[in-house]
Trainee: 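Let me give you the structure first, and then I'll get to my questions.
Every number for a ligand or one of its atoms is a count from 1 in the order of the listing.
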Amino acid sequence: MENVAIIGSGCAGLTAALYTARASLRPLVLTGTQPGGLLTTTTVVENYPGFPEGIGGYELMAQMQKQAERFGARVKFGTVEAADLSKQPLVLTVDGEPVEAETLIIASGASHRHLGLESEQKLENKGVTYCAMCDGALPIFRNQPLVVVGGGDSACEEALYLTRFGSIMYLVHRRDALRASKIMAERTLAHPKIKPIWDSVVTEVLDPKQDKVTGVRLKNVKTNAETVTACAGVFVAIGLIPNTQLFKGVLDMDENGYLLPRRGSATNVPGVFVAGDCADHVYRQAVTAAGMGCAAAIEAERYLAHRD
Ligand SMILES: Cc1cc2nc3c(=O)[nH]c(=O)nc-3n(C[C@H](O)[C@H](O)[C@H](O)COP(=O)(O)OP(=O)(O)OC[C@H]3O[C@@H](n4cnc5c(N)ncnc54)[C@H](O)[C@@H]3O)c2cc1C
């Protein structure tokens with residue numbers, strides 16, 4: 001029986017692990033398919049306090065894990081497939097095996113939203129990707145025109161990153177102005193290799209018949225005019241979906257699936273706490289996720305101290 005099981009090994013999960021480990025609770029961290037979480041997909045993190053020169057996303061997460069492990073946290077590669085929170089002990093199914101726990105901290109983050117096109121699905125990993133940091137340097141994208149879809153900070157970051165590899169980056173956005181922060185939008189639009197395509201949506205990724213990306217079919221949402229833009233890669237950066245499907249109907253969540261804690265990080269189920277981007281659609285930062293992980297850990301510790 002675990003004192004504390006933690007779903008997720010991003011900033012929220014590993015900070016919760018650090019705090020509960022220092023409280024001698026020997027937490028079990030279940031990594032999911034992305035050990036270290038979303039931050040491992042970025043190069044330099046410049047806004048995490050304590051690193052005046054910035055720190056690599058992967059390095060930051062590796063250090064966080066090491067710090068938690070130093071105090072007794074156990075980090076296990078595994079994905080939670082089901083959760084029975086109806087009674088104590090709470091039971092998770094992790095890669096087919098049951099794990100019993102007295103408390104659970106859900107820090108499962110959020111995943112990339114897809115365009116929802118059949119052609120996108122067919123060409124995923126064949127030129128359609130959701131992470132420039134992970135895939136941008138692949139030979140198929142070198143010196144080729146590339147399309148980035150989206151208008152927020154992530155889309156801008158993806159487009160800027162890709163300027164190292166592609167010949168031109170078309171930034172396709174459904175509105176006529178970027179949603180990104182002012183500094184990011186200015187930096188993006190000032191880049192000579194980035195060309196915005198406003199008021200447009202991707203209706204088809206070409207060409208599934210050739211089993212590779214050759215272009216995108218675009219529709220102007222104001223004029224309905226259709227055009228085709230040739231490209232070798234499509235980088236989709238249109239937001240995130242919280243990884244909370246396991247808890248639908250069990251834990252309180254908003255209409256987009258973000259968990260809604262009742263008081264602090266406590267949920268409507270005793271012993272179950274939440275932290276990080278799975279419960280935060282507003283701030284979505286490493287430091288806020290870490291702060292929420294700390295809060296959830298303290299609440300779990302208090303719950304264990306005061307239970308019957
Ligand atoms: C490209 C990019 C750049 C960014 N740059 C910055 C930056 O510079 N500064 C900043 O502050 N923020 C940045 N962010 C945001 C930051 O990465 C997130 O806010 C932060 O990672 C959220 O942490 P989290 O722990 O809540 O979730 P995540 O980091 O998303 O971690 C979620 C974890 O849950 C696991 N998981 C999911 N489902 C399951 C399951 N069923 N079973 C087990 N485990 C599961 C995943 O494998 C993962 O380990 C960036 C994000 C992106 C995408």
Trainee: Just by modelled atom types, is the R217 backbone N or O under 3.5 Å from a matching donor or acceptor in the T203 side chain?
Mentor: yes
Trainee: Which residue owns the protein heavy atom closest to atom 15 (C) of ligand 1, what's the atom, and how far is it?
Mentor: R284 O, 3.6 Å
Trainee: Hey, any chance M253 and V274 share a hydrophobic cluster, counting ILVMFWY side chains that come within less than 4.5 Å of each other, even indirectly?
Mentor: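 Yes; tracing contacts between hydrophobic side chains, which count when under 4.5 Å, links both residues.
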Trainee: Does any part of the side chain of R187, heavy atoms only, come nearer than 4.5 Å to the side chain of C156, both counted from C-beta?
Mentor: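 Counting from C-beta outward, C156 and R187 never come under 4.5 Å.
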Trainee: Can you list the atoms of ligand 1 that are under 4.0 Å from a heavy atom of A289?
Mentor: 22 (C), 23 (O), 26 (O)
Trainee: My understanding is that only one of V75, I6, T79 makes a side-chain contact (heavy atoms from CB on, under 4.5 Å) with T31; could you say which?
Mentor: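 Considering V75, I6, T79, a side-chain contact (heavy atoms from CB on, under 4.5 Å) with T31 is found only for V75.
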Trainee: Show me which atoms of ligand 1 lie under 4.0 Å from any heavy atom of T31.
Mentor: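 So the atoms of ligand 1 that pass are 35 (C), 44 (N), 46 (C), 47 (O), 48 (C), 49 (O).
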Trainee: Regarding ligand 1, does Q34 bring an N or O atom to under 3.5 Å of one of the ligand's N or O atoms?
Mentor: yes
Trainee: Identify the closest protein heavy atom to atom 1 (C) of ligand 1: which residue and atom is it, and at what distance?
Mentor: T41 OG1, 4.0 Å
Trainee: Which residues pass the side-chain contact (heavy atoms from CB on, under 4.5 Å) test with T227, sequence neighbours left out?
Mentor: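 Only L218 meet the side-chain contact (heavy atoms from CB on, under 4.5 Å) criterion with T227.
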Trainee: Report, in ascending order of atom number, the atoms of ligand 1 lying under 4.0 Å from any heavy atom of Q285.
Mentor: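 In order of numbering, the contacting atoms are 9 (N), 10 (C), 11 (O), 12 (N), 19 (O).
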Trainee: Which option wins on minimum heavy-atom distance to atom 5 (N) of ligand 1: L39, L30, L246, I6?
Mentor: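 It is L39 whose heavy atom sits nearest to atom 5 (N) of ligand 1.
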Trainee: Side chains of E59 and F51, heavy atoms from C-beta outward: is any pair under 4.5 Å?
Mentor: no
Trainee: Is D277 close to ligand 1, meaning an N/O of one under 3.5 Å from an N/O of the other?
Mentor: yes
Trainee: Does E157, backbone or side chain, put an N or O under 3.5 Å from an N or O of ligand 1?
Mentor: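 By distance alone, the answer is no.
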Trainee: Is a side-chain donor or acceptor of R142 paired with a backbone partner of A137 at a separation under 3.5 angstrom?
Mentor: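 Side chain of R142 to backbone of A137, a donor-acceptor pair under 3.5 Å: yes, one is there.
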Trainee: Mind checking whether S9 has an N or O less than 3.5 Å away from an N or O of ligand 1?
Mentor: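 Yes; at least one N/O pair falls below 3.5 Å.
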Trainee: Please list the nearest protein heavy atom to atom 21 (O) of ligand 1 with its residue and the distance rounded to 0.1 Å.
Mentor: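 In this structure, atom 21 (O) of ligand 1 has L38 CB, 3.7 Å as its nearest protein heavy atom.
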Trainee: Is it possible for you to say whether Y258 and I238 belong to one hydrophobic cluster, with membership spreading through side-chain heavy-atom contacts below 4.5 Å?
Mentor: no
Trainee: If you define the side chain from C-beta out and look only at heavy atoms, does anything of V213 sit under 4.5 Å from K126?
Mentor: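 No, too far: nothing below the 4.5 Å cut-off.
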Trainee: Would you say CD of E46 has more than 12 non-hydrogen atoms from neighbouring residues, nucleotides or ligands within 6.0 angstrom?
Mentor: no
Trainee: Would you check if the side chain of E120 reaches a backbone N or O of G116 as a donor-acceptor pair within less than 3.5 Å?
Mentor: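 Yes.
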Trainee: Among all the protein's non-hydrogen atoms, which is closest to atom 27 (O) of ligand 1, and how far away is it?
Mentor: G109 CA, 3.4 Å
Trainee: Report yes if some N/O of C278 lies less than 3.5 Å from some N/O of ligand 1; otherwise report no.
Mentor: no
Trainee: Identify the closest protein heavy atom to atom 42 (N) of ligand 1: which residue and atom is it, and at what distance?
Mentor: V80 N, 2.9 Å
Trainee: At a 4.0 Å cut-off, with the gap strictly under it, does some heavy atom of G78 reach an atom of ligand 1?
Mentor: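 Heavy atoms of G78 do come under 4.0 Å of ligand 1.
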Trainee: Measure the distance from atom 37 (C) of ligand 1 to every protein heavy atom, then report the residue, atom name and distance (to 0.1 Å) of the closest one.
Mentor: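 Nearest neighbour among protein heavy atoms for atom 37 (C) of ligand 1, to 0.1 Å: S108 O, 3.2 Å.
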Trainee: Would you check if the side chain of S108 reaches a backbone N or O of N243 as a donor-acceptor pair within less than 3.5 Å?
Mentor: yes
Trainee: Considering only non-hydrogen protein atoms, determine which one is nearest to atom 11 (O) of ligand 1 and report residue, atom name and distance to 0.1 Å.
Mentor: A286 N, 2.7 Å
Trainee: What I want to know is whether T79 and ligand 1 share at least one N or O pair that is separated by under 3.5 angstrom.
Mentor: no
Trainee: Is R74 salt-bridged to E2, cutoff N-O under 4.0 Å?
Mentor: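 Looking at R74 and E2, the cut-off is met.
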Trainee: Give me the residue, atom name and distance of the protein heavy atom closest to atom 2 (C) of ligand 1.
Mentor: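 That would be T42 CB, 4.1 Å.
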Trainee: With a cut-off of 4.0 Å, which atoms of ligand 1 are near a heavy atom of G32?
Mentor: 43 (C), 44 (N), 45 (C), 47 (O)
Trainee: Show which atoms of ligand 1 fall inside a sub-4.0 Å distance from at least one heavy-atom site of A107.
Mentor: 32 (C), 33 (C), 34 (O)
Trainee: Output the list of atoms in ligand 1 that are nearer than 4.0 Å to some heavy atom of T33, sorted by atom number.
Mentor: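 That gives atoms 47 (O) of ligand 1.
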Trainee: Verify the contact flag for atom 40 (C) of ligand 1, where contact means a protein heavy atom under 4.0 Å away.
Mentor: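 Answer yes: something from the protein, a heavy atom, is under 4.0 Å.
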Trainee: Answer with yes or no whether C11 contacts ligand 1, where contact means a heavy atom under 4.0 Å from a ligand atom.
Mentor: yes
Trainee: Starting at CE of M169, measure out to CZ of F235 and round the result to the nearest 0.5 Å.
Mentor: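 CZ of F235 is found 9.5 Å from CE of M169.
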Trainee: For C131, enumerate each residue passing the disulfide (SG to SG under 2.5 Å) test, keeping only those at least two apart in sequence or located in another chain.
Mentor: C134
Trainee: Backbone N or O of G36 within a donor-acceptor pair of the S9 side chain at under 3.5 Å?
Mentor: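 Yes, because the side chain of S9 sits within donor-acceptor range (under 3.5 Å) of the backbone of G36.
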Trainee: Judging by distance only, is a nitrogen or oxygen of N47 under 3.5 angstrom from one on ligand 1?
Mentor: yes
Trainee: Which of the atoms in ligand 1, numbered in the order shown and given with their element, are less than 4.0 Å from a heavy-atom of A12?
Mentor: 25 (O), 26 (O)
Trainee: Polar contacts were defined as any N/O atom of the residue lying under 3.5 Å from an N/O atom of the ligand; does this apply to G276 and ligand 1?
Mentor: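 N/O-N/O distance below 3.5 Å does not exist for this pair.
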